[in-house]
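All values below come from the heavy atoms of this structure, side chains included, with hydrogens, waters and symmetry mates left out. Letters A, B, ... mirror the listed sequences (proteins, then strands); counts begin at 1.
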2 protein chains.
Amino acid sequence: MTSSEARPSIRLSPMEVPKASDVLANELRERILSGEYPEGTPLPPERELVVQTRMSRTTVREALRILEVQGLIRIKAGRAGGAFVQHPGEESVADSLELLIRGRRLRLASVHETREAIEPSCARLAAQHRTADDLRALTAANETIAASASLEEFLQANVDWHVAVATAGHNEILTGIMMALSRAIYTTTHNEGFVDEDVRLITVRAHRSVTRAIRDKDPDAAARRMTRHVHAYAEAALAVDDRTAITLPDGE
Amino acid sequence: MTSSEARPSIRLSPMEVPKASDVLANELRERILSGEYPEGTPLPPERELVVQTRMSRTTVREALRILEVQGLIRIKAGRAGGAFVQHPGEESVADSLELLIRGRRLRLASVHETREAIEPSCARLAAQHRTADDLRALTAANETIAASASLEEFLQANVDWHVAVATAGHNEILTGIMMALSRAIYTTTHNEGFVDEDVRLITVRAHRSVTRAIRDKDPDAAARRMTRHVHAYAEAALAVDDRTAITLPDGE
DNA sequence: ACTGGTCCAAAGGTCAGACCCAATTTAGCA
DNA sequence: TGCTAAATTGGGTCTGACCTTTGGACCAGT
């Protein structure tokens with residue numbers, strides 16, 4: 001009889017029961033991240049995974065879907081299709097940042113603050129690590145800006161230049177962040193019609209001067225000039241933002 | 001006969017045929033991002049979505065899984081469970097950055113470069129926008145560091161302090177990035193036994209001095225001191241990294 | 001030798017229906 | 001009244017079938 005006398009009092013902490021699909025997803029994720037499969041390695045077909053794991057196809061597919069959204073595999077349909085290992089790139093970071101910015105309706109100021117934090121460092125790194133190719137990309141982007149006819153074209157080329165600077169720095173993290181910020185800036189600046197001839201000229205001049213510093217491998221100058229440029233741009237954008245807010249006082 | 005003479009050469013770009021689950025996921029995503037549903041709003045139950053969309057439950061569930069991975073909904077089981085709208089937070093950014101860092105086996109230097117770019121700005125913003133609460137969190141974290149006994153504890157408290165600085169800056173993007181970098185630093189610094197008494201003392205002193213600047217709302221000093229601190233830390237970590245590389249010359 | 005047509009096979013995509021498990025409500029009983 | 005047990009509502013998993021897409025092979029006509 002197990003009466004009131006001292007039971008050994010086994011204590012257990014609350015446990016988590018993971019979902020089957022998560023278990024499989026985690027297993028595969030770890031394997032992929034461990035680097036044991038080079039990019040492009042095909043995973044077994046779904047039906048094969050089913051017999052290997054003894055899970056249902058539904059579960060297997062859910063696991064694969066998770067990894068796909070996380071950018072760890074790419075899935076193709078049709079014969080010779082299947083799931084292929086893919087090492088995550090800047091895009092997935094950019095995507096999630098975009099969700100954060102859009103979903104939280106972040107103040108435009110946050111985006112600009114982040115830019116002001118990051119871009120000077122990108123410029124500095126670019127001046128240190130740029131290759132000849134990087135330099136070509138930069139000048140090409142600059143010329144596209146100068147030649148741009150429409151607003152669309154201008155904004156796109158502008159974004160391209162900034163991303164090119166980040167790329168020239170050869171730091172994948174900063175590049176990813178920069179790509180995300182660019183997209184956000186692009187879409188927010190899009191409607192505001194503040195890009196007149198003046199703005200364009202000033203932009204081109206600023207870009208040229210930063211590009212020169214990068215070409216001459218002068219990190220300090222690059223960072224300094226980029227700081228000025230981004231700061232000015234932020235001020236202008238925010239000013240327009242205010243103006244728009246006043247023009248449309250009943251907005252949202 | 002269609003001989004060698006000019007065929008009109010109609011050009012089409014490759015077309016995308018979206019999957020059903022993606023269609024639904026996109027629709028729901030746009031609605032959520034548009035902000036029309038406040039945080040916590042329950043989506044209809046899966047079976048209800050099935051009748052509304054006339055898709056199968058499998059498809060509906062796949063769409064929901066996508067949104068869940070993207071951090072846009074949270075799914076609970078059980079009665080009164082279901083999918084609830086969730087605006088994406090810093091975590092999802094941190095997650096994707098972590099995947100990037102781990103999956104691409106990025107040089108430790110990338111992480112440190114990024115930190116050197118971001119943390120001074122975080123400190124500057126913190127000095128500008130900190131609240132009394134933020135300050136309390138900072139000093140608390142600092143005391144935990146000073147009192148930390150084990151390596152684990154020290155690293156965790158260290159990370160906490162840095163995240164607290166970012167938080168005090170009240171910029172969600174920078175905070176998210178900082179969280180991700182912290183995790184990465186934590187896991188990489190973990191094995192290397194370079195945290196001796198000296199390092200700890202220096203760290204605490206540096207943190208104190210930054211915290212003071214934040215308390216006194218002196219942005220320039222905060223940024224300057226943080227720059228020094230992070231730079232020193234990076235150098236030390238990289239030095240240890242080199243040493244480890246020499247000690248274990250056959251490591252991958 | 002090119003072009004187009006037909007068919008096959010492999011693999012992912014979708015579907016319908018059943019059943020299992022978890023959390024909450026609620027009803028019933030002490 | 002208060003507690004336990006059942007009913008209910010919801011997600012999680014499984015099965016098995018069928019649809020669609022893609023690549024390749026083969027064939028027939030020019």
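- In this structure, the side chains of A:H207 and A:I145 come closer than 4.5 Å at one or more pairs of heavy atoms.
- Atom pair A:E48:CD and C:dA9:C1' shows a separation of 17 Å (rounding to whole Å applied).
- In this structure, A:E68 atom CD and C:dG12 atom C1' are separated by 11 Å, rounded to whole Å.
- For A:L49 and C:dG13, the CG to P distance is 13 Å, given to the nearest whole Å.
- For C:dT25, the base has no donor-acceptor partner in the side chain of B:R79 [N/O atoms by modelled type, under 3.5 angstrom].
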What N/O pairs connect the protein and nucleotides 13-17 of chain D at under 3.5 Å? Give each pair on its own line.
unit_1 : atom_1 : unit_2 : atom_2 : d
D:dT13 : OP1    : A:A20  : N      : 2.6
D:dC14 : OP2    : A:S56  : N      : 3.1
D:dC14 : OP2    : A:S56  : OG     : 3.0
D:dC14 : OP2    : A:T59  : OG1    : 2.5

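- In B:E36, the CD atom is crowded: over 12 heavy atoms of neighbouring residues, nucleotides or ligands sit closer than 6.0 Å.
- Between the OG atom of B:S21 and the CD atom of B:E62 there is a distance of 4.5 Å, given to the nearest 0.5 Å.
- Salt bridge status for B:E68 with B:R74: absent, with no side-chain N to carboxylate O gap under 4.0 Å.
- For the pair B:R183 and B:E91, the salt-bridge criterion is not met [side-chain N within less than 4.0 Å of a carboxylate O].
- Spacing between atom CD of B:E16 and atom C1' of D:dT20 amounts to 17 Å, rounded to whole angstrom units.
- Put simply, the side chain of B:N171 gets close to the backbone of A:S110: a donor and an acceptor are under 3.5 Å apart.
- To the nearest 0.5 Å, the span separating CH2 on A:W161 from CG on A:L138 amounts to 7.0 Å.
- To the nearest angstrom, P of C:dG17 lies 17 Å from CD of B:E46.
- A heavy-atom distance below 4.0 Å to DNA chain C is reached by these residues of residues 70-78 of chain A, ordered by number: A:I75, A:K76, A:A77, A:G78.
- Under the 4.0 Å criterion applied to side-chain N and carboxylate O atoms, A:D22 and A:R29 are not assigned as salt-bridge partners.
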